Number of protein chains: 2
Amino acid sequence: MTVTAGESKQVVGSEELALWHVVRRAQARVTRALEAELLVEHDLALASYDVLAQLSGAPERRLRMNDLAERVMLSRSGLTRLVDRLQREGLVERAACADDARGLFAVLTDDGAVRLAEATPTYMRGVRAQFLGVLDERELRRCASALTKLFPDPDPDPD
Amino acid sequence: MTVTAGESKQVVGSEELALWHVVRRAQARVTRALEAELLVEHDLALASYDVLAQLSGAPERRLRMNDLAERVMLSRSGLTRLVDRLQREGLVERAACADDARGLFAVLTDDGAVRLAEATPTYMRGVRAQFLGVLDERELRRCASALTKLFPDPDPDPD
DNA sequence: CTTAAGAGGTTGCACGCGCATCTACATAGT
DNA sequence: ACTATGTAGATGCGCGTGCAACCTCTTAAG
């Protein structure tokens, strides 16, 4: 701990903290833009898009609720409600699990697949426009590899 | 648009999208950890910490509500409520603005400064542990510079 | 001075989320 | 078989947040 816990200003690894702040700002910015675009153009929240995308990339287009919750970074209860909504819209179904009687699958319906396909270009465009437009490829690759060291992503990246 | 909006799998600039996903995961992960630590150790939400930090770095330890809202990436109404809470805790005060009768300053109190000083080591430690521990300096600097191009940060970085 | 347009902040409202709790099932341990 | 511990999901509840509407003050236009 290189910190003195002083009155109000201390300097410690400012570059590292700067990166963290930049990441926060970037995330917030892109998330907002993406959310708004998806909502107006496809009436689809970003979290919903995430769910559909994960299911789409999964074998048999189905995932256990628990699994899915982890992948979309939601609490179990949060996912329960979200899947409720998506089910009401007919984009997702629940299916019992043969191996485990208490388990449930969230299954992407055909309608869900269609909505996902419709929304994906918007998603792509949003990310590229908001997030990547300015960066060149080498820098992107460096950032990705650097950050990936820390967070080995469990998603097979269905995009 | 290099996207065909196909059935379920299309590939387009996978590195760029991968970076975006990594950033999202990183942000979520660190945010959660930070929030939890600050909450248990200092009974302070991350958003509250942000407000205190911004005020601490501002001249006269005060900022216009509008300004502050933008810096901490909250809507005006969101900030109104947050400052309400902080004011109830005595960490922040509201002060009228001489130049503009409808304007208000949020002002960091001494108690607020103390709480911030107490919490800052936890914040630092959390960021370093969760976010930076694995990365080496050069990579960090590259990421920072790359991302900063996109998001020129308005914060004077009070840390 | 009067009016119109706009910006700063706050309030009503609804929504999405997490935590704690609960039920149902699973898997030991005896 | 019986009990205990743990896991998968769902529900009650409270909280924080954004959007739209509102009020107040400012600024420009006539």
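Every chain is numbered from 1 and lettered A, B, ... according to where its sequence line falls, protein lines coming before strand lines. Values in this document were obtained by computation on a predicted structure and should not be read as measured data.
- Comparing A/S75 and A/D100 by the nucleotide of DNA chain C whose heavy atom lies nearest to each, the residue mapping closer to the 5' end is A/S75.
- Between B/R94 and C/dT10 there is a side-chain polar atom (N or O) within less than 4.0 angstrom of OP1 or OP2.
- Here the nucleotide nearest the side chain of A/R76, chosen from C/dG18, C/dC25, D/dG9, is D/dG9.
- Atom CG in B/L86 sits roughly 16 Å away from atom C1' in C/dT10 (whole-Å rounding).
- Atom CG of A/D84 is separated from atom P of C/dC15 by 15 Å (rounded to the nearest Å).
- Residue A/R81 is in base contact, counting any heavy-atom pair closer than 4.0 Å across all strands shown.
- Going from atom CD of A/Q87 over to atom C1' of D/dG9 covers 13 Å, rounded to whole Å.
- Side-chain proximity of A/N66 to the nucleotides D/dT11, D/dT26, D/dA8 is greatest for D/dA8.
- If you take CG of B/L104 and C1' of C/dA7, they are 13 Å apart, rounded to a whole angstrom.
- A donor-acceptor pair is defined here as one N or O able to donate and one able to accept, closer than 3.5 Å; no such pair exists between the side chain of B/S56 and the backbone of B/L52.
- Remark on DNA chain D: of its neighbouring residues B/L79 and A/D67, the 5'-side contact belongs to A/D67, judged by nearest-heavy-atom nucleotide.
- Closest approach of A/E37 and A/G126 over heavy atoms only: OE2-CA, 4.2 Å.
- Each of A/M65 and B/M73 was assigned the nucleotide of DNA chain D with the nearest heavy atom; the assignment lying further toward the 5' end belongs to A/M65.
- The side chain of B/R64 sits closest to C/dG8 out of C/dG8, C/dC17, D/dG9.
- Counting to the nearest Å, the C1' atom of D/dC19 and the CD atom of A/E35 are 13 Å from each other.
- Looking at the side chain of A/A101, the nearest of the listed nucleotides D/dC25, C/dC25, C/dC13 is C/dC25.
- Remark: C1' of D/dC15 and CD of B/E89 are 14 Å apart, rounded to the nearest angstrom.
- B/E118 approaches B/H42 most closely through the heavy-atom pair O-CE1, 3.2 Å.
- Considering only the side chain of A/S77, C/dA20 comes nearest among C/dA20, C/dT10, D/dG18.
- Side-chain atoms of B/T120 come within 3.5 Å of backbone N or O of B/L116 as a donor-acceptor pair.
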How far apart are the C-alpha atoms of A/R64 and A/D99, what are their side-chain angles, what is the distance that settles it, and do they pass the salt bridge (charged side-chain N to carboxylate O under 4.0 Å, His left out) test? CA-CA 12 Å; A/R64 292 287 294 267; A/D99 318 13; over 6 Å; no

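- The distance between atom CG of B/L46 and atom C1' of D/dT17, rounded to the nearest whole Å, is 15 Å.
- Among the nucleotides D/dT17, C/dC25, C/dT10, the one closest to any side-chain atom of A/R102 is C/dC25.
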